[in-house]
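Below is one structure, written out as structure tokens; the observations come after it.
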There are 2 protein chains.
Amino acid sequence: MNKTSIQKIAADLEVSTTTISFIINGKADKYKISKATQKRVRDYIEKNNYQPSSLARSLTTGKSYTIGFLAPDIANPFYGQVGKHIEKRLFQAGYQVFLSSTEEDPEMELKMAQSMVQRQVDGIILAPASRRTLTFLRKSGTPTVTFDRKLPRSKVNFVGIDNYQASFGAINEFLSKNKCRNMLMISITPEVDTLKQRIAGCIDAFENQGLKYPKHLNLTVDYQNLEQSCYEEISRVLEQNHSIDSVYFTNNLTAFRGFYTFSKYHRSRLEKLKLISFDDLPFNEISHPVITGIEQPKEEIANSCSRLMLSLLNEKKDQVKKIILPVQVNWR
Amino acid sequence: MNKTSIQKIAADLEVSTTTISFIINGKADKYKISKATQKRVRDYIEKNNYQPSSLARSLTTGKSYTIGFLAPDIANPFYGQVGKHIEKRLFQAGYQVFLSSTEEDPEMELKMAQSMVQRQVDGIILAPASRRTLTFLRKSGTPTVTFDRKLPRSKVNFVGIDNYQASFGAINEFLSKNKCRNMLMISITPEVDTLKQRIAGCIDAFENQGLKYPKHLNLTVDYQNLEQSCYEEISRVLEQNHSIDSVYFTNNLTAFRGFYTFSKYHRSRLEKLKLISFDDLPFNEISHPVITGIEQPKEEIANSCSRLMLSLLNEKKDQVKKIILPVQVNWR
DNA sequence: CTGAAAGCGCTAACAC
DNA sequence: GTGTTAGCGCTTTCAG
């Protein structure tokens with residue numbers, strides 16, 4: 001059992017705790033601990049499977065070498081990938097990352113953030129669902145990097161894309177390429193700025209083409225009840241409107257579930273539609289029909305978040321950075 | 001900044017640390033702290049945004065109320081979902097879960113497990129990639145629950161399915177239903193027992209039907225290089241063999257990537273095939289053709305893991321449990 | 001080269 | 001009802 005402690009070793013080996021601490025932390029040579037002592041200590045550690053307590057260490061040093069990662073849903077391909085890459089990156093830098101899903105719930109998010117702060121994470125990377133969390137983090141003095149979502153007028157480090165521009169650009173080009181006019185747009189409840197931006201970008205792209213976006217085709221489905229809600233909304237619109245010629249899924253959730261609905265219940269309509277989605281799932285490539293995808297640079301986002309966090313941690317400059325990365329449209 | 005401590009409050013408010021500790025930990029009434037004092041302390045805490053240090057608390061109490069979760073890949077739908085549910089469950093029980101991806105790498109897995117033990121997690125739930133990690137965990141005395149993968153002859157708590165039986169049952173029924181004889185089987189490098197069991201189940205199902213499984217159709221693709229490897233292996237077999245009538249994807253990775261390969265490069269062949277996969281992705285339902293899925297009860301697995309862990313934590317009985325859950329075949 | 005000792009923030013047995 | 005105090009396991013300054 002993990003009862004070994006630095007004191008015990010000290011007692012058993014009749015050396016002082018200092019000596020052991022130095023050896024464990026690679027300062028043995030610096031403090032010129034004799035090779036013999038070093039070996040004795042190392043052997044003992046090896047033999048007794050001793051694991052130094054990070055807790056105690058963190059308590060003394062004030063650093064825990066842990067980073068919290070909060071996203072709405074770790075099982076979502078986008079957040080999952082970003083999280084995984086960040087984890088890998090920071091692990092290489094000596095940090096352990098704690099991933100958690102907030103389920104898009106402000107209470108939950110705040111609680112988790114608090115819990116992490118209490119555990120003295122050195123920093124937090126998050127796709128914020130609520131401003132309260134951010135306020136809390138600022139007050140607590142925790143180095144924070146946000147990604148994916150930018151809350152209007154908040155002064156906090158950010159890594160992500162320009163949702164408005166990305167959406168505008170892609171839809172603009174889409175409209176030039178295809179003679180589509182009646183574009184169904186499917187979004188989840190757009191409390192988050194991200195989705196509002198994407199929707200606005202689309203509408204403005206229509207305008208830019210001298211068209212007017214048909215407002216009744218701007219659908220919102222319920223995040224908590226995606227399958228059912230998709231089915232109802234899509235069916236409703238299809239019954240009313242026979243001239244839909246294209247669909248814009250504004251994120252990967254609506255892309256999959258929306259496509260699913262069409263595929264299962266409105267297959268005949270599907271064939272004739274031009275499809276485009278924000279976020280690009282591997283699935284987009286082999287669906288029938290294929291779906292053009294606006295792809296976020298997940299790995300780049302993860303890298304930037306990691307780098308930014310590390311620089312925050314090391315350099316302590318509290319200048320706020322916004323890193324905006326380009327998207328890539330995969331036309332199909 | 002987070003410099004407030006219980007001592008500081010004590011000094012400022014001229015009460016003792018004990019009093020504050022009791023109030024924070026909900027023992028105020030038990031120890032009959034006066035309402036007035038309680039209020040003063042609570043107000044102070046509120047106002048100064050005081051966050052008690054879990055580190056210090058854990059150090060004293062020996063409990064950290066954290067659980068580690070290790071899986072090969074959090075971004076994989078199966079592990080991601082299981083992880084997410086466990087997280088939710090245990091969070092309700094007052095525990096925070098730390099999810100991490102091991103990338104199927106024994107070194108990495110061990111390192112992460114060690115790091116977690118050093119942080120004094122109260123327990124670890126993992127889909128083990130290597131026995132070393134398990135040995136380490138046993139030695140360290142950390143309550144451990146494994147899921148998904150069972151290492152032969154290891155005495156450790158386990159939650160999962162019977163891969164052999166599930167595979168056998170499904171393929172057996174598949175063979176009765178469909179007149180298939182030439183079944184391509186696609187697996188990733190089956191170092192893990194899980195996949196070996198699934199393969200064996202399939203082969204025995206053939207035998208059970210009085211058939212002999214055509215060994216050259218048992219394909220193995222490279223986990224690290226899935227896309228390329230799938231392409232090469234599948235193409236190679238298809239060139240040699242024109243009578244393939246069905247495909248068995250032995251996990252969700254080969255299911256998606258295998259289907260992808262067929263869809264992109266061998267579409268014409270795909271139409272005539274009967275498909276079945278271990279693990280059932282939402283995608284299976286709307287692919288063309290559809291894919292029958294052997295579905296693991298992800299939520300049940302998560303629940304059982306959580307319950308088992310909690311009972312380990314509370315009851316301290318070290319009797320080893322193996323919980324085997326049934327699968328469900330979604331015929332399509 | 002090594003040891004003594006203070007202190008990180010909190011809990012809880014024991015005192016008053 | 002509230003205070004005192006001894007740890008929890010580690011780091012690190014200061015002595016020797």
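Just so we're clear, the structure is a prediction, and the values are computed from it rather than from any experiment. Naming convention: chains lettered A, B, ... in sequence-line order (proteins, then strands); numbering from 1 in each chain.
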Pairwise distance CG(Leu126(A)) to OG1(Thr102(A)) - rounded to 0.5 angstrom: 8.5 Å
Are more than 12 heavy atoms from other residues, nucleotides or ligands located less than 6.0 Å from atom NZ of Lys63(A)? yes
What is the distance, to the nearest angstrom, from the CD1 atom on Ile20(A) to the P atom on dT11(D)? 11 Å
Calculate the interatomic distance between Gln51(B) atom CD and dC8(C) atom P; express it in whole Å. 20 Å
Tell me which residues in residues 53-65 of chain B lie within less than 4.0 Å of DNA chain C, going by non-hydrogen atoms. Ser53(B), Ala56(B), Arg57(B), Thr60(B), Thr61(B)
Could you tell me whether Asp43(A) and Lys39(A) have a side-chain N and a carboxylate O separated by less than 4.0 Å? yes
Under a 4.0 Å N-O cut-off, is there an ion pair linking Arg132(B) with Glu107(B)? yes
From CD of Gln7(B) across to P of dT11(C) the rounded distance in Å is 10 Å
Rounded distance (Å) that lies between atom C1' of dG3(C) and atom CZ of Phe22(A): 10 Å
Just so I know, are the side chains of Ser304(A) and Leu325(A) near enough to count as touching, which here means a heavy-atom distance under 4.5 Å? yes
How close or far is atom P of dC10(D) from atom CD1 of Ile9(A), stated in whole angstroms? 7 Å
Nearest whole angstrom, please: distance from the C1' of dT5(D) to the CD1 of Ile6(B). 14 Å
With sequence neighbours left out, the residues meeting salt bridge (charged side-chain N to carboxylate O under 4.0 Å, His left out) with Arg149(A) are Glu104(A)
Considering only dA5(C), dG3(C), dC10(C), which nucleotide approaches the side chain of Pro52(B) most closely? dC10(C)
With a 4.0 Å heavy-atom cut-off, tell me which residues in residues 25-47 of chain B come close to DNA chain D, sorted by residue number. Tyr31(B), Lys32(B), Ile33(B), Ser34(B), Thr37(B)
Pair Lys84(A) + Asp73(B), salt bridge at N-O below 4.0 Å: yes
Can a side chain N or O of Ser21(A) be found less than 4.0 Å away from OP1 or OP2 on dT11(D)? yes
Thr18(A) side chain, from C-beta outward: closest of dT11(D), dA5(C), dC10(C): dA5(C)
Starting from C1' on dT2(C), measure out to CD on Glu14(A) and report it in whole angstrom. 14 Å
Measure across Asp122(A) and Tyr65(A) and return the closest heavy-atom pair with its distance rounded to 0.1 Å. OD2-N, 2.6 Å
Closer than 4.0 Å, any side-chain N/O of Tyr50(A) to the OP1 or OP2 of dC10(D)? yes
N-O pairing of Asp148(A) and Lys298(A) below 4.0 Å: no
